[in-house]
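FYI, the numbering just counts along the sequence from 1.
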Amino acid sequence: MRNLLNFLLRYNYWLVFLLLEAVSLVLLFRFNNYQQSVFFTSAGAASGGIYRLASGITSYFHLKAENADLLARNLCLEHKVAALEEMLGMKGDSVWTRAALPGVDTVLGAHVIKNSLNLPDNYITLDKGAKDGIRPEMGVVGPNGVVGIVYKTSAHYALVMSLLNSKSSLSCRIVGSHYFGYLKWDGGDSRVAYLRDLPRHAEFSAGDTVVTSGYSAVFPEGLMVGVIDSLSDSHDGLSYLLKIRLATDFGRLNNVRVLRRERQDEQQLLEQMADGKE
C-alpha cells in the first residue's frame, strides 16, 4: 500500500494530466458532430481490419479440413462422371476421369505428408495406409500426371516410390505412336527424366506427349507422364534417348490419387510365375 501511495505521489502531475486529457477527449467527441463521425469512422476501419485479420487466420487453420472435404467430393464426382461416360460410351480427357474409367476398380484420395526431391532414391509418404485399402504395387497419380508406385504400407501410412527414384522404371509410349520405352530418372533436376529404348525407326518430335503404355499391372494406358523436351542417341547408338519434361511438379505435390487396376493380383501372379518367382 505504501508503494502505491509513493507511486501516486511521485507521478501525480502525470496522472492528473492523463485524466484531464481523457476528459477533454470525451467532451470533444461527445459534443462535436464532426469529431464524433471521424472517431467512429476510424474505429470502424480499425475494427474491420482486426476482424479481417482474425478471419484470415481462422480460415487458414481450417484449410486442411476444407481440402479433405473437397478431395472427397471430387472423388465422388469422378466416379459419377466415369459411370455416366461408360454408360454413354464416351471417354474423357482428364487424368482423373481416365483413372476412374473401366480398368481401374479402386480410386483412393490421399494427402502427401512427406516428400523428398534431391536424394538418389526419393520417396513420398501419404496419410493413408492399409486400413484405408492401400496396398503395395498400387499406382499413384497427381493432378497433372503420374507420381509413382506404392512401395510399402503400414496401418495408417503408405510409402510411395516416386518417379524421382533410381529404382523406378515406368513403361511409357508417345501419343500417336505404338512404340514404347522405359522412363528413368538420372538425378539432378526434379522436373526431368529420360525415356530409353525407343527404336531408331520410331517417329516423334519435341513437344510430343508421353503417357503410360498400359504394359504393366500397375497403371492403365494413357495417363499423362510428360512431354518430349529434346532427343539424342543412346550410348550404344541403337536407340533414342529422349529428355522428358515431367507433367508432375514434385516440389508442389499435395493431394494424390491411389489407383488399383482390375485383376491386378491375377496378372502379377501370372507374370511372377513366368519369371520363376513362384
Side-chain angles (χ1 to χ4, degrees), residues 95 98-99 104 108 110 112-126 128-129 134-154 157-175 179-198 209-232 234-235 239-261 264-265 267-268 271-272 275 277:
V95 66
R98 290 181 180 183
V104 172
L108 302 170
V112 175
I113 58 175
K114 186 178 179 181
N115 191 6
S116 63
L117 303 175
N118 302 315
L119 301 174
D121 297 315
N122 294 289
Y123 293 92
I124 298 168
T125 304
L126 306 181
K128 299 291 178 60
I134 296 179
R135 292 191 288 176
E137 299 299 319
M138 294 178 72
V140 181
V141 295
N144 298 316
V146 175
V147 171
I149 300 174
V150 176
Y151 180 57
K152 292 182 179 180
T153 61
S154 63
Y157 301 98
L159 190 65
V160 177
M161 179 190 295
S162 79
L163 295 182
L164 309 182
N165 190 300
S166 65
K167 301 181 182 68
S168 174
S169 180
L170 179 66
S171 178
C172 303
R173 68 174 179 85
I174 300 167
V175 172
Y179 297 107
F180 70 97
Y182 294 92
L183 187 80
K184 295 281 291 184
W185 183 64
D186 290 346
D189 191 349
S190 63
R191 296 299 305 272
V192 171
Y194 291 89
L195 189 61
R196 307 173 187 276
D197 298 335
L198 269 296
T209 301
V210 178
V211 297
T212 52
S213 66
Y215 296 160
S216 75
V218 179
F219 291 106
E221 180 183 1
L223 294 182
M224 182 67 177
V225 176
V227 297
I228 299 175
D229 187 72
S230 62
L231 55 97
S232 60
S234 63
H235 297 301
S239 60
Y240 282 119
L241 178 65
L242 306 185
K243 182 179 179 181
I244 307 301
R245 178 68 56 175
L246 297 175
T248 297
D249 185 352
F250 287 88
R252 303 177 60 185
L253 197 59
N254 191 7
N255 295 315
V256 298
R257 303 289 197 276
V258 184
L259 314 178
R260 179 173 179 79
R261 296 192 65 179
Q264 180 175 350
D265 290 339
Q267 181 178 346
Q268 288 178 329
E271 291 172 351
Q272 288 172 359
D275 293 336
K277 296 180 180 180

CD1 of I113 to CG of L126, rounded to nearest 0.5 Å, is 7.5 Å

Taking the side chain as C-beta and beyond, is there a heavy-atom pair between R245 and V192 under 4.5 Å? yes

Kindly determine whether Y123 and M161 satisfy side chain to side chain contact (heavy atoms under 4.5 Å, CB included), including the steps that lead there. CA-CA 5 Å; Y123 293 92; M161 179 190 295; 4.0 Å; yes

Is the shortest heavy-atom distance from the side chain of L163 to the side chain of W185 under 4.5 Å? no

Is the shortest heavy-atom distance from the side chain of V256 to the side chain of V112 under 4.5 Å? yes

Provide the closest heavy-atom pair for T153 versus P136 in the form atom of the first, atom of the second, distance. OG1-CD, 3.9 Å

CZ-CG distance between F219 and L259, expressed to the nearest 0.5 angstrom: 7.0 Å

Distance-only, no hydrogens or angles: does the T248 side chain make a donor-acceptor pair with backbone N or O of V146 under 3.5 Å? yes

Among L246, I228, V227, which one satisfies side-chain contact (heavy atoms from CB on, under 4.5 Å) with V210? I228

Residues L195 and G181: closest non-hydrogen pair is CD1-C, 3.5 Å

Do K243 and Y194 have side chains that approach each other closer than 4.5 Å (heavy atoms only, starting at C-beta)? yes

Return the OH to OH distance between Y179 and Y240, rounded to the nearest 0.5 Å. 11.5 Å

Output for pair (I124 CD1, L117 CG), nearest 0.5 Å, gives 8.5 Å

State whether K184 and D197 are salt-bridged, where the test is any N-O pair (Lys NZ or Arg NE/NH1/NH2 against Asp/Glu carboxylate O) under 4.0 Å. no

Heavy-atom count around F250 CZ within 6.0 Å, excluding the residue itself: above 12? yes

So which atom in S162 and which in S168 form the shortest heavy-atom distance, rounded to 0.1 Å? O-CB, 3.6 Å

Is a side-chain N or O of T212 found less than 3.5 angstrom from the main chain of L223, in a donor-acceptor match? yes

Has the side chain of N122 got a donor or acceptor atom that lies under 3.5 Å from a matching backbone atom of L119? yes

Less than 3.5 Å apart, any donor N or O on the side chain of S166 or D121 sitting next to an acceptor on the other? yes

Atom CE of M224 and atom OG1 of T209: how far apart are they, to the nearest 0.5 Å? 5.0 Å

Contact summary for A158 and V150, nearest pair of heavy atoms: CB-CG1, 4.4 Å

Just verifying a value: how many Å separate S190 OG and N115 CG, rounded to the nearest 0.5 Å? 9.0 Å

